[in-house]
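One structure is given below, encoded as structure tokens.
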Amino acid sequence: MRALLQRVLEAKVVVDGETTGEIQHGILVFLGLGKEDTLDKGKKLIDKILKYRFFDDEQGKMGWNVSQAGGGILLVSQFTLMAQTQKGLRPDFGPAMPPNDAEALYEQLVEYTKTQFEHVQTGIFAADMKVHLVNDGPVTFNLEIE
């Protein structure tokens, strides 16, 4: 399971011309699910994301998590994060969880995130999403749970 985190000043997901999720200051989370991933792994990753300190505190250091910074979370499914890219010139999506299983797990993780944090928005699983963001910094981290 992989999550690409981007600290943003604003971010939104648009599907078929309609905004499905939008935050101001916070974290845009692209979430990739692998074949072996479970709800327990996902909960650990979500907990880590919520506690991860990469917002500036009073001293200008990365000392605050998203809650302390008063931000939101925009959670977007992103199966391409699971691609193997070491060989050749075409990504191999074999490690990604099959779509039906991934959708069920993604929805469970969205619900779990909402029980742990108040300001959660999402994209739409497997939709053709247009993601708009203003990266703050830029600050981007890749987190993995195995």
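Note that this is a predicted model, so its numbers are computed, not measured.
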Open item on the list: For the OG1 atom of Thr85 and the CZ atom of Phe93, what is their distance to the nearest 0.5 Å?
Closed with: 10.0 Å

TODO: Could you tell me the separation between the NZ atom of Lys43 and the OG1 atom of Thr38, rounded to the nearest 0.5 Å?
DONE: 9.5 Å

Task: Distance, nearest 0.5 Å, that separates CG of Leu109 from CD of Glu107 - done: 9.5 Å

Task: Side-chain heavy-atom pair Val66, Tyr52 within 4.5 angstrom cut-off - done: no

TODO: Determine whether Leu75 and Tyr106 make a side-chain contact, defined as any pair of heavy atoms from C-beta on separated by less than 4.5 Å.
DONE: yes

TODO: Locate the shortest heavy-atom distance separating Leu33 from Ala102; write the atom from each residue and the value.
DONE: CD1-O, 3.5 Å

TODO: Determine whether Asn142 and Leu5 make a side-chain contact, defined as any pair of heavy atoms from C-beta on separated by less than 4.5 Å.
DONE: no

Task: ILVMFWY cluster, Leu9 and Phe141 together (side-chain gap under 4.5 Å) - done: no

Task: Straight-line distance of Lys130 NZ to Thr19 OG1, nearest 0.5 Å - done: 13.5 Å

TODO: Mark yes or no for whether Lys41, through its side chain, and Glu36, through its backbone, hold a donor-acceptor pair below 3.5 Å.
DONE: yes

Task: Check: Gly94 main-chain N/O paired with Lys35 side-chain donor or acceptor under 3.5 Å - done: yes

Open item on the list: Between Asp136 and Val8, is the side chain to side chain contact (heavy atoms under 4.5 Å, CB included) condition met? List the steps.
Closed with: CA-CA 5 Å; Asp136 182 17; Val8 297; 5.6 Å; no

TODO: For Asp37 and Met1, indicate whether the former's side chain and the latter's backbone hold a donor-acceptor pair under 3.5 Å.
DONE: yes

Open item on the list: With heavy-atom distances below 4.5 Å as the criterion, would you say the side chains of Thr80 and Gln78 are in contact?
Closed with: yes

Open item on the list: Is any side-chain heavy atom of Val76 closer than 4.5 Å to one of Leu28?
Closed with: yes

Task: Approximate separation, where rounding is to 0.5 Å, of Leu39 CG and Glu111 CD - done: 11.5 Å

Open item on the list: I'd like to know if Val29 and Ile124 are part of one continuous hydrophobic network [Ile/Leu/Val/Met/Phe/Trp/Tyr, side-chain heavy atoms within less than 4.5 Å].
Closed with: no

Open item on the list: Tell me whether Leu45 shares a hydrophobic cluster with Leu74, the cluster being built from Ile, Leu, Val, Met, Phe, Trp, Tyr side chains joined at under 4.5 Å.
Closed with: no

- [ ] Locate the shortest heavy-atom distance separating Ala3 from Leu31; write the atom from each residue and the value.
- [x] CB-CD1, 4.3 Å

Task: Shared hydrophobic cluster for Val15 and Phe125 (ILVMFWY, side-chain gaps under 4.5 Å) - done: no

- [ ] State, to 0.1 Å, how close Pro95 and Gln84 come at their nearest heavy-atom pair, and which atoms those are.
- [x] CG-CG, 3.5 Å

Open item on the list: Closer than 3.5 angstrom, by distance alone: can the side chain of Arg7 be matched with the main-chain N or O of Pro138 as a donor-acceptor pair?
Closed with: no

TODO: Answer yes or no: is there a side-chain heavy-atom contact under 4.5 Å between Ile27 and Ile49?
DONE: yes

Open item on the list: Evaluate Glu58 against Trp64 for side chain to side chain contact (heavy atoms under 4.5 Å, CB included), listing each step before the verdict.
Closed with: CA-CA 9 Å; Glu58 300 96 351; Trp64 283 350; 3.2 Å; yes

TODO: Measure the shortest side-chain to side-chain distance between Phe117 and Ile73 over non-hydrogen atoms and say whether it is less than 4.5 angstrom.
DONE: yes

Task: Ala126 to Ser77 - nearest heavy-atom pair and separation - done: N-OG, 4.1 Å

Open item on the list: Assigning hydrophobic clusters by single linkage (Ile, Leu, Val, Met, Phe, Trp, Tyr; side-chain heavy-atom cutoff under 4.5 Å), is Ile145 placed with Leu81?
Closed with: no

Task: Point-to-point distance, once rounded to the nearest 0.5 Å, from CD of Gln121 to NZ of Lys114 - done: 7.5 Å

Task: Candidate pair Glu10 and Ile23, rule side chain to side chain contact (heavy atoms under 4.5 Å, CB included), full reasoning - done: CA-CA 6 Å; Glu10 61 185 57; Ile23 62 170; over 6 Å; no

Open item on the list: Quick one about Asp47 and Tyr112 (side-chain donor to acceptor, distance below 3.5 Å, no hydrogens or angles considered), yes or no?
Closed with: yes

Task: Among Lys61, Met62, His25, Gln68, the one residue meeting side chain to side chain contact (heavy atoms under 4.5 Å, CB included) with Phe55 - done: His25

TODO: Under the side chain to side chain contact (heavy atoms under 4.5 Å, CB included) rule, what do Leu143 and Lys48 come out as? Steps first, then yes or no, please.
DONE: CA-CA 9 Å; Leu143 300 183; Lys48 186 171 184 174; 4.2 Å; yes

- [ ] Check whether any side-chain heavy atom of Asn135 lies under 4.5 Å from a side-chain heavy atom of Thr140, and answer yes or no.
- [x] yes

